[in-house]
Amino acid sequence: MKNILDRIKAGEVLVGDGAMGTMLFSKGLKMDQCPEKLNLENPMILEEVAQLYLDGGADLIETNSFGGSPLKLAMSSLEDKTEEINRIAIQSVRKVIGDSAYLSFSCGPTGRILKPYGDTEPVEMLESFKRQIKVAIDENVDLICIETMTDIFESKLAIEAVRSLSGDIPIIATMTFDPTPNGFFTIMGVSVEQACKELVAAGADIIGSNCGNGIDNMIKIASEFKKYATVPLIIQSNAGLPEIKNGEAIYTEIPQFMADKSQRLLDIGVNIIGGCCGTTEEHIAAIRQVVDKYNMDKNNS
Ligand SMILES: [Zn+2]
């Protein structure tokens, strides 16, 4: 399969997949359960989710390894299963997609806070990411997706972990921003401008934002990224902000609404459009149509 960065450079816009958590909840995962424990208990569900997103038209399919760092797994006493959990996450997706889409290895926050604000030494966090990501490199994933980060130092440690194991595997690095009266910042105080500069300097190939916002805010965040970014952009928006009803998160942005708004992301110059919390294969299929039309029009012009 052609390198993803070459396809983007040639002008093609790609489609990411949608939420993992939302899909797992709809298949019976409880909100207080460790989502990665499912990899050990019922990996068939991982194949079902990958199949739905592949059929929906996603070019990138993510693994259920978001919380698969040993530091994070330790919170569920599963750190001894780090290798097994991450390997099953990858193999389940690969079994479904072969090389018909890119296998994007999801790597989320450790759940720990670095010193001096928290109690975690940078080297401990780095080693944790290395242990998780080594499984991904050994299993030949196509991309590493470091996502939902709010601390730039944690993002950079994850990127450093990848680059210590592979000099050339493409890295996607995305952060989650909140609107404030002074613009968009992560809860740890990182601006879009700072994210752009530091993620690229650390070695990310594709940057952007995922989670935390519906599509309208994501359009604003994308415009801000476009001002500073020197590499391709990815946006994975939530289907709005969740309302919790009976312990269940309800998202209100329907597929066609998100797809219509995705046109704005294309106008801004976003290179990969996918979804985050609340999005399903139906959102991805609707976005796929808008992106296909864009790619076709571009080829004909
Ligand atoms: Zn999300």
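All values below were derived from every heavy atom in this structure, side-chain atoms included, with hydrogens, water molecules and symmetry-related copies excluded. If you're wondering where the values come from, they're calculated on a predicted model, not measured in any experiment.
- Between Ser104 and Ile61 there is no side-chain heavy-atom pair separated by less than 4.5 Å.
- Atom-to-atom distance recorded for Thr280:OG1 and Tyr251:OH is 12.5 Å, nearest 0.5 angstrom.
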**Message:** If you apply the rule side-chain contact (heavy atoms from CB on, under 4.5 Å), what do you find for Phe185 with Val190, and how did you get there?
**Reply:** CA-CA 5 Å; Phe185 290 88; Val190 181; over 6 Å; no
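- In this structure, the side chain of Asn295 engages the main chain of Val13 through a donor-acceptor pair within 3.5 Å.
- Ile146 places none of its side-chain heavy atoms less than 4.5 Å from the side chain of Thr174.
- By the 4.0 Å N-to-carboxylate-O rule, Asp17 lies too far from Arg288 to be salt-bridged with it.
- In terms of heavy-atom proximity, Cys196 sits nearest to Phe225 at SG-CD2, 3.3 Å.
- If you take CG on Asn64 and CD on Glu36, they are separated by 5.0 Å, rounding to the nearest 0.5 Å.
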**Item:** Steps toward side-chain contact (heavy atoms from CB on, under 4.5 Å) verdict (Val231, Asp205)
**Value:** CA-CA 6 Å; Val231 298; Asp205 300 289; over 6 Å; no
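- When the options Val270, Val192, Ile268, Ile221 are evaluated for a side-chain contact (heavy atoms from CB on, under 4.5 Å) with Lys226, the one that passes is Ile268.
- No salt bridge links Glu84 with Arg87; every basic N to acidic carboxylate O contact stays at or beyond 4.0 Å.
- Checked for salt-bridge contact, Asp216 and Lys220 miss the test: no charged N lies under 4.0 Å from a carboxylate O.
- For the pair Ile144/Ile169, a side-chain contact is recorded, criterion being any heavy-atom separation below 4.5 Å from C-beta on.
- Transitive grouping of hydrophobic side chains (ILVMFWY, heavy atoms separated by less than 4.5 Å) brings Ile235 and Phe177 into a common cluster.
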**Request:** Show the numbers, then the answer: is there a side-chain contact (heavy atoms from CB on, under 4.5 Å) between Ser209 and Met175?
**Result:** CA-CA 5 Å; Ser209 185; Met175 302 191 80; 5.8 Å; no
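- Atom-to-atom distance recorded for Ser76:OG and Lys81:NZ is 13.5 Å, nearest 0.5 angstrom.
- A donor-acceptor pair under 3.5 Å is formed between the side chain of Ser92 and the backbone N or O of Ile88.
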**Item:** Ser166/Asp168 under side-chain hydrogen bond (donor to acceptor under 3.5 Å, both in side chains): CA gap, chis, key distance, verdict
**Value:** CA-CA 6 Å; Ser166 166; Asp168 59 358; 3.3 Å; yes
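- Closest non-hydrogen pair, Ser65 versus Ala89, comes out as CB-CB, 4.2 Å.
- Between the side chains of Glu62 and Gln236, at least one donor N or O sits under 3.5 Å from an acceptor N or O.
- For Lys261 and Glu253, the salt-bridge test fails: no basic side-chain N is under 4.0 Å from an acidic carboxylate O.
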**Message:** Could you go through Leu46 and Thr63, starting from their C-alpha distance and side-chain angles, then the distance that decides it, and tell me whether this counts as side-chain contact (heavy atoms from CB on, under 4.5 Å)?
**Reply:** CA-CA 8 Å; Leu46 307 183; Thr63 53; over 6 Å; no
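- Shown here is Lys95, whose NZ atom has no more than 12 heavy atoms of other residues, nucleotides or ligands within 6.0 Å.
- The two residues Cys34 and Leu29 come nearest to each other via the heavy atoms O-CD1, 4.3 Å.
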**Prompt:** Hey, mind stepping through Glu127 and Arg131 against salt bridge (Lys or Arg N to Asp or Glu O under 4.0 Å) and telling me if it holds?
**Reply:** CA-CA 6 Å; Glu127 290 306 317; Arg131 185 171 161 199; over 6 Å; no
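- When side chains are defined from C-beta on, Leu157 counts as touching Leu114, because their heavy atoms get closer than 4.5 Å.
- Between the side chain of Ser237 and the backbone N or O of Ile215 there is at least one donor-acceptor pair closer than 3.5 Å.
- Looking at heavy atoms from C-beta onward, Asn238 lies out of side-chain contact with Asn213 at the 4.5 angstrom threshold.
- Both Ile254 and Met23 are assigned to one and the same hydrophobic cluster, defined by single-linkage of ILVMFWY side chains at heavy-atom distances under 4.5 Å.
- Heavy-atom minimum distance, Glu198 versus Ile152: OE1-CG1, 3.6 Å.
- The residues Lys245 and Glu243 are annotated as salt-bridged, a charged nitrogen and a carboxylate oxygen being separated by less than 4.0 angstrom.
- Arg94 and Asn140 make their closest contact through NH2-O, 2.9 Å (heavy atoms, listed as atom of the first residue, atom of the second, distance).
- Checked by atom type and distance alone, the side chain of Asn210 pairs as donor or acceptor with a backbone atom of Thr148 at under 3.5 Å.
- Other residues, nucleotides and ligands contribute more than 12 heavy atoms inside 6.0 Å of the CD atom of Gln91.
- Within 6.0 Å of the CZ atom in Phe153, the count of heavy atoms belonging to other residues, nucleotides or ligands does not exceed 12.
- For the pair Glu224 (side chain) and Ile219 (backbone), a donor-acceptor distance under 3.5 Å is absent.
- Although no hydrogens or angles enter the test, the distance criterion places no donor-acceptor pair under 3.5 Å between the side chain of Thr180 and the main chain of Phe184.
- For Asn271 (side chain) and Glu12 (main-chain N/O), no donor-acceptor pair under 3.5 Å exists by modelled atom type.
- For the pair Asp142 (side chain) and Leu103 (backbone), a donor-acceptor distance under 3.5 Å is present.
- Residues Ile244 and Met31 have side chains in contact (heavy-atom distance under 4.5 Å, counting atoms from C-beta outward).
- Separation of atoms OH (Tyr102) and CG (Leu14) is listed at 6.5 Å; rounding is to 0.5 Å.
- Contact check on Glu79 versus Lys72 returns no salt bridge, with no Lys/Arg side-chain nitrogen under 4.0 Å from an Asp/Glu carboxylate oxygen.
- Following chains of ILVMFWY side-chain contacts shorter than 4.5 Å, one cannot reach Val96 starting from Leu143, and the two form parts of different hydrophobic clusters.
- Glu154 and Thr110 share a donor-acceptor pair across their side chains, judged by distance under 3.5 Å alone.
- Taking CG of Asp292 as the reference point, atom CG of Asp297 lies at 10.5 Å (rounded to 0.5 Å).
- Within the 3.5 Å criterion, the main-chain N or O of Gly68 finds a donor-acceptor partner in the side chain of Asn86.
- Met125 and Ile159 fall within the same hydrophobic cluster, where Ile, Leu, Val, Met, Phe, Trp and Tyr residues are linked whenever their side-chain heavy atoms come under 4.5 Å apart, directly or through other members.
- Taking 4.5 Å as the limit, some side-chain heavy atom of Ile272 sits within range of a side-chain heavy atom of Ile4.
- Between Ile172 atom CD1 and Ile234 atom CD1 the span is 4.0 Å, to the nearest 0.5 Å.
- A donor-acceptor pair under 3.5 Å is absent between the side-chain atoms of Thr22 and the main chain of Ala19, judged by distance alone.
- At most 12 heavy atoms of other shown residues, nucleotides or ligands fall within 6.0 angstrom of atom CG in Asn246.
- You'll find the side chain of Pro109 reaches within 4.5 Å of the side chain of Phe66, heavy atoms only.
- Taking the charged nitrogens against the carboxylate oxygens, Lys156 and Glu160 have no contact shorter than 4.0 Å, which rules out a salt bridge.
- There is a path of hydrophobic side-chain contacts, each under 4.5 Å, that joins Leu199 to Leu165.
- Heavy-atom minimum distance, Gln263 versus Val290: OE1-CG1, 3.7 Å.
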**Evaluation steps, side-chain hydrogen bond (donor to acceptor under 3.5 Å, both in side chains), between Ser106 and Glu147** = CA-CA 7 Å; Ser106 172; Glu147 57 183 350; 2.5 Å; yes
